[in-house]
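Down below is the structure, laid out as structure tokens.
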Amino acid sequence: IDDAIKYFEMAIQIKPDWPDPYLRAAYAYLNKGESAKAAEHLEKFVQLEPDTERTVQARSILDAIKK
């Protein structure tokens, strides 16, 4: 998981307007038990990709984290 996070964060640095690494990093952080970091990445994903089916799922996960 740590290696995956490292590469997703690297992708974010290279292309910060690409939503996919934010979503994938969020899932990796969730698997690691780091909810705050997952929420941070999910919020950025939603900002970059506001109106898709993946966004609906991301918002659902965000709601669950914030409860």
Side-chain angles (χ1 to χ4, degrees):
I1 294 174
D2 290 332
D3 284 344
I5 289 170
K6 179 175 87 173
Y7 289 111
F8 293 137
E9 293 291 356
M10 196 181 311
I12 289 168
Q13 292 297 317
I14 293 168
K15 192 168 182 183
D17 60 339
W18 184 27
D20 287 11
Y22 291 99
L23 182 61
R24 305 228 185 267
Y27 290 146
Y29 280 118
L30 281 174
N31 282 323
K32 196 172 175 184
E34 295 185 23
S35 300
K37 289 291 271 182
E40 178 183 320
H41 283 73
L42 285 169
E43 287 171 353
K44 185 64 177 178
F45 170 77
V46 169
Q47 179 185 4
L48 292 172
E49 189 175 303
D51 296 317
T52 67
E53 197 169 308
R54 295 190 312 169
T55 307
V56 172
Q57 187 177 34
R59 284 190 178 122
S60 173
I61 294 168
L62 263 171
D63 289 344
I65 289 172
K66 291 180 179 182
K67 286 185 180 179

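Hydrogens, waters and symmetry mates play no part in the numbers below; they use all other heavy atoms, side chains included.
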Self-check item: Tyr29: partners by ring pair (Phe, Tyr, Trp, His ring centres under 6.0 Å), with sequence neighbours left out
Solution: His41
Exercise. Could you name each residue pair satisfying ring pair (Phe, Tyr, Trp, His ring centres under 6.0 Å) that touches residues 47-67, not counting sequence neighbours?
Key: none
Quiz item: Of Arg59, Lys37, Lys66, which is the lone residue that meets salt bridge (Lys or Arg N to Asp or Glu O under 4.0 Å) with Glu43?
Solution: Lys66
Quiz item: Which ring pair (Phe, Tyr, Trp, His ring centres under 6.0 Å) pairs, counting each pair once, include a residue from residues 47-67, with sequence neighbours left out?
Solution: none
Quiz item: Taking only residues two or more places apart in sequence or in another chain, which ones pass salt bridge (Lys or Arg N to Asp or Glu O under 4.0 Å) with Asp2?
Solution: Lys32
Quiz item: More than 12 non-hydrogen atoms from neighbouring residues, nucleotides or ligands closer than 6.0 Å to CG on Asp51, yes or no?
Solution: no
Quiz item: Are Tyr7 and Ile14 co-members of a hydrophobic cluster defined by side-chain heavy atoms under 4.5 Å apart?
Solution: yes
Quiz item: What residue pairs, at least two apart or across chains, pass side chain to side chain donor-acceptor pair (under 3.5 Å) with a residue in residues 10-24?
Solution: Asp20-Arg54
Quiz prompt | Heavy-atom closest pair, residues Leu48 and Pro16 | solution = CD1-O, 3.6 Å
Self-check item: For the student: nearest non-hydrogen atoms of Ile5 and Ala28, plus distance
Solution: CG1-CB, 3.5 Å
Quiz item: Taking atom CD1 of Ile1 and atom CZ of Phe8, what is their separation to the nearest 0.5 Å?
Solution: 11.0 Å
Quiz prompt | side chain to side chain contact (heavy atoms under 4.5 Å, CB included) partners of Ser35, counting only residues at least two apart | solution = Ile65
Practice problem: Please report the closest heavy-atom contact between Leu23 and Ala58, naming both atoms and the distance. | Solution: CD1-CB, 4.5 Å
